[in-house]
Amino acid sequence: MTICTETCESIPFDQCWDLVGITGMGGSGTVRAWQLGDVFRKKGAKVIMGGIAMTLCPPERSLEHCDALVAGEAEDLLP
């Protein structure tokens, strides 16, 4: 597992990913999450999105950029 925080480090786009989890916070964070979801899906990865911004957005908007949405804490739901 690799955890990357874009505000502190570069995202390793050159690696091959099977599954990518993205959380977005705030308006600009939501747009950036959608952009990242598009990038990783074009590379063949499955993308899961969550976080408060994704929860407050209409689900159909986010589902254009990911394969699944998480409502609640991913740490509790994904295992």
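- By the neighbour-count criterion of 12 heavy atoms within 6.0 Å, atom CD1 of I52 is sparsely surrounded, having that number or fewer from other residues, nucleotides or ligands.
- Here the closest heavy-atom approach between residue G37 and residue V47 is recorded as O-CG2, 3.9 Å.
- Residues L56 and L63 do not share a hydrophobic cluster, defined by chaining ILVMFWY side chains whose heavy atoms lie under 4.5 Å apart.
- Annotation: side-chain hydrogen bond (donor to acceptor under 3.5 Å, both in side chains) contacts involving residues 40-52, sequence neighbours excluded, comprise R41-D67.
- At least one side-chain heavy atom of I11 sits less than 4.5 Å from a side-chain heavy atom of L36.
- When side chains are defined from C-beta on, I48 does not count as touching V20, because their heavy atoms never get closer than 4.5 Å.
- Counting heavy atoms from C-beta on, the side chains of I22 and C66 never come closer than 4.5 Å.
- Clustering ILVMFWY residues whenever any of their side-chain heavy atoms sit less than 4.5 angstrom apart, transitively, puts V70 in a cluster other than the one holding M49.
- The side-chain hydrogen bond (donor to acceptor under 3.5 Å, both in side chains) analysis of residues 5-26, with sequence neighbours excluded, yields the pairs E6-R32.
- The side-chain hydrogen bond (donor to acceptor under 3.5 Å, both in side chains) contacts involving residues 57-66 comprise W34-S62, D38-H65, where partners must be two or more places apart or lie in separate chains.
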